[in-house]
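Letters A, B, ... mirror the listed sequences (proteins, then strands); counts begin at 1.
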Amino acid sequence: MSFALIDGNNFYVSCERVFQPRLEERPVVVLSNNDGCVVARSAEVKALGIAMGTPWFQIRDLAEAHGIVALSSNYALYADMSNRMMSLLASFSPLQEVYSIDECFLDLHGVAAEDRLALGARMRRVIRQYLGLPVCVGMAPTKTLAKLANHLAKKRPGYQGVCDWARIAAAEQDALLAELPVQEVWGVGGQSAAALGKMGIHTVQDLRLADPAWIHSRFNVVLERTVRELRGESCIALETLAPPRQEIQCSRSFGQSVTTERGLAEALTLYTTRAAQKLRRQRQVCGAVRVMIRTSPFQQRPPPYCGSITVPLREASNDTLVLIQVALRGLRRVFRPGLSYAKAGVLLVDLGPEGVIQGDLFAMADAEDQAGRERRRQLMETLDRIHGRYGSGSINPGTAGLRADREWGMRRGNRSPAYTTRWAEIPQVLA
DNA sequence: TCTGGGGTCCTAGGACCC
DNA sequence: TCTGGGGTCCTAGGACCC
């Protein structure tokens with residue numbers, strides 16, 4: 001068993017640099033929606049000690065002092081670059097798991113041990129040459145160790161971007177793991193790290209030496225698997241085809257707070273529209289809609305409010321208009337007047353495949369009913385085609401309100417063009 | 001003034017049943 | 001004084017990931 005993990009370096013920043021070479025060697029951050037938090041940092045920014053997830057307003061002065069370039073996130077660009085990177089990497093192995101927008105696992109069995117480093121170096125060369133993106137490669141007998149090897153490949157220049165765990169002598173492996181805080185391991189977050197620390201487990205090596213059964217009893221089966229994986233026992237298989245989604249979410253923080261039920265209804269209408277589109281694209285239906293609205297959790301008074309409710313459907317559906325109705329019914333139940341809302345969201349749950357719809361026991365399944373259903377299906381198809389052609393949001397249900405009236409739209413002060421996915425924004429070569 | 005979004009999995013606890 | 005036991009299903013919440 002052998003896995004490779006290929007992971008983009010500072011992925012979003014690197015994507016931006018491909019099209020703006022002047023950003024090379026300069027400190028760059030990419031911000032989340034509403035220009036809220038730092039979600040990607042160039043090496044120069046990491047060196048300044050700015051942590052992932054830092055709110056932008058907290059470091060604005062520091063950023064100015066160091067000439068940090070801050071970009072709004074441009075997901076259309078990152079997703080397109082990601083797709084290109086994944087198809088290039090797919091050519092290196094018959095089995096690939098796309099794990100996130102900037103990383104994938106490859107199955108390496110069949111590749112001779114002595115050929116692996118060269119293979120990793122070739123992957124790096126190809127991605128750099130075709131896309132201009134820097135990546136690092138970690139290889140190991142388990143996915144957890146491959147993640148660790150990737151971490152080493154990134155942090156230690158000696159590896160030149162490719163680290164094959166299996167080629168490291170046992171004593172050196174021990175020494176490396178003893179230097180890494182336990183939180184560096186895939187699957188160990190802050191909470192578990194704190195709890196482990198109290199039990200004297202501080203480094204990855206400490207965790208590796210712990211008894212898996214004991215870890216299971218004090219924590220859970222997930223952490224037990226992590227321990228086994230650290231010991232070289234592969235417990236987490238490669239998932240080459242993505243399992244069907246179990247829920248679909250669409251939520252956003254508002255550019256400025258919303259106080260009216262009407263404003264929330266507009267936002268939820270749009271979010272439901274998007275979620276329903278995703279649902280149909282995956283040929284699924286949902287059995288219930290969960291609606292969530294909340295005030296800012298950072299505000300002291302009035303105390304934060306988070307209202308959410310799950311509204312079941314009488315009959316599973318992926319019809320945008322049906323789902324909007326249900327979502328707005330939920331909103332009516334959780335809305336409290338007099339509050340400043342900071343965020344709203346829709347979660348489609350209880351998903352199942354389209355076509356095996358559990359009929360409504362009390363509905364008359366007569367011919368007229370069938371015909372009505374068919375007309376609605378065609379309406380949704382038309383809606384999807386219009387969105388495909390003119391962009392999502394080009395046509396909306398009335399409750400979405402008019403764009404000009406929206407008080408809650410996103411702030412995105414500094415977004416770069418969609419260089420690779422919109423004709424009008426493709427870069428032009430100046431002679 | 002200003003703090004992301006979209007997922008998964010696991011566990012605990014309550015309701016309910018026999 | 002003393003109030004069963006074991007199973008399933010559902011939901012909410014926590015932890016984690018990128």
Side-chain angles (χ1 to χ4, degrees), chain A residues 5 7-12 29-41 50-61 63 70 72-75 78-79 82 97-105 143-144 147 150-151 182-196 216-226 235-236 239 242-257 267 271 274-275 278-279 282 287-288 290 292 294-300 304 306-310 312 340 342-351 410-413:
Chain A
L5 176 72
D7 188 322
N9 303 355
N10 324 322
F11 188 70
Y12 295 172
V29 294
V30 174
L31 303 176
S32 65
N33 282 339
N34 289 313
D35 295 342
C37 298
V38 172
V39 292
R41 305 158 296 159
I50 293 174
M52 183 75 165
T54 307
W56 172 235
F57 74 91
Q58 283 177 5
I59 53 163
R60 198 167 281 161
D61 293 342
S72 306
S73 37
N74 183 349
Y75 289 108
Y78 312 146
S82 171
E97 173 184 343
V98 176
Y99 178 67
S100 77
I101 192 162
D102 74 333
E103 57 189 305
C104 72
F105 290 99
K143 286 165 86 175
T144 302
K147 289 278 267 188
N150 188 285
H151 177 85
V182 70
Q183 222 176 314
E184 295 292 340
V185 179
W186 188 38
V188 179
Q191 301 300 313
S192 313
L196 286 165
H216 188 151
S217 71
R218 303 301 295 267
F219 292 88
N220 53 44
V221 61
V222 181
L223 198 58
E224 179 194 352
R225 279 201 285 263
T226 301
C235 305
I236 308 173
E239 283 187 1
R245 292 265 91 79
Q246 304 193 27
E247 53 188 46
I248 292 175
Q249 195 180 335
C250 186
S251 63
R252 292 279 182 288
S253 297
F254 302 131
Q256 47 179 293
S257 60
Y271 303 163
R274 275 185 216 145
K278 270 196 229 173
L279 190 62
Q282 299 181 39
R290 186 169 187 80
M292 182 276 298
R294 70 158 210 227
T295 61
S296 167
F298 304 103
Q299 216 169 293
Q300 301 303 317
C306 178
S308 76
I309 188 171
T310 306
S340 287
K343 180 176 182 174
V346 166
L347 190 62
L348 306 183
V349 294
D350 205 357
L351 303 191
M410 251 195 304
R411 288 191 305 273
R412 268 195 316 201

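A:Glu97 pairs by the salt bridge (Lys or Arg N to Asp or Glu O under 4.0 Å) definition with A:Lys143, not counting sequence neighbours. Taking A:Thr310 as the reference, A:Arg290 meet the side chain to side chain donor-acceptor pair (under 3.5 Å) condition, with sequence neighbours excluded. For A:Lys147, the salt bridge (Lys or Arg N to Asp or Glu O under 4.0 Å) test picks out A:Glu103, with sequence neighbours left out. For A:Trp56, there are no ring pair (Phe, Tyr, Trp, His ring centres under 6.0 Å) partners, not counting sequence neighbours. By the side chain to side chain donor-acceptor pair (under 3.5 Å) test, A:Ser72 is found to be paired with A:Asp35, residues two or more places apart in sequence or in another chain being considered. Partners of A:Thr226 by side chain to side chain donor-acceptor pair (under 3.5 Å), not counting sequence neighbours: none found. Looking at residues two or more places apart in sequence or on another chain, you find a ring pair (Phe, Tyr, Trp, His ring centres under 6.0 Å) between A:Tyr99 and A:Phe105, A:Trp186.
Comparing the P positions of B:dC17 and C:dT3 gives an interatomic distance of 24 Å, to the nearest angstrom.
A distance cut-off of 5.5 Å between ring centres, combined with a plane angle under 30°, leaves A:Phe57 outside any stacking arrangement with the base of B:dT3.
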- Query: Reading DNA chain B 5' to 3', what string of ( ), [ ], | and . shows its pairs, if Watson-Crick and G-U wobble pairs count only when both distances fall under 3.5 Å?
  - Reply: ....||||||||||||||

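Set against B:dG6, B:dG4, B:dG5, the side chain of A:Lys343 has B:dG5 as its closest nucleotide.
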Can you tabulate the close N/O pairs, meaning under 3.5 Å, that link protein atoms to atoms of nucleotides 13-15 of chain C?
none

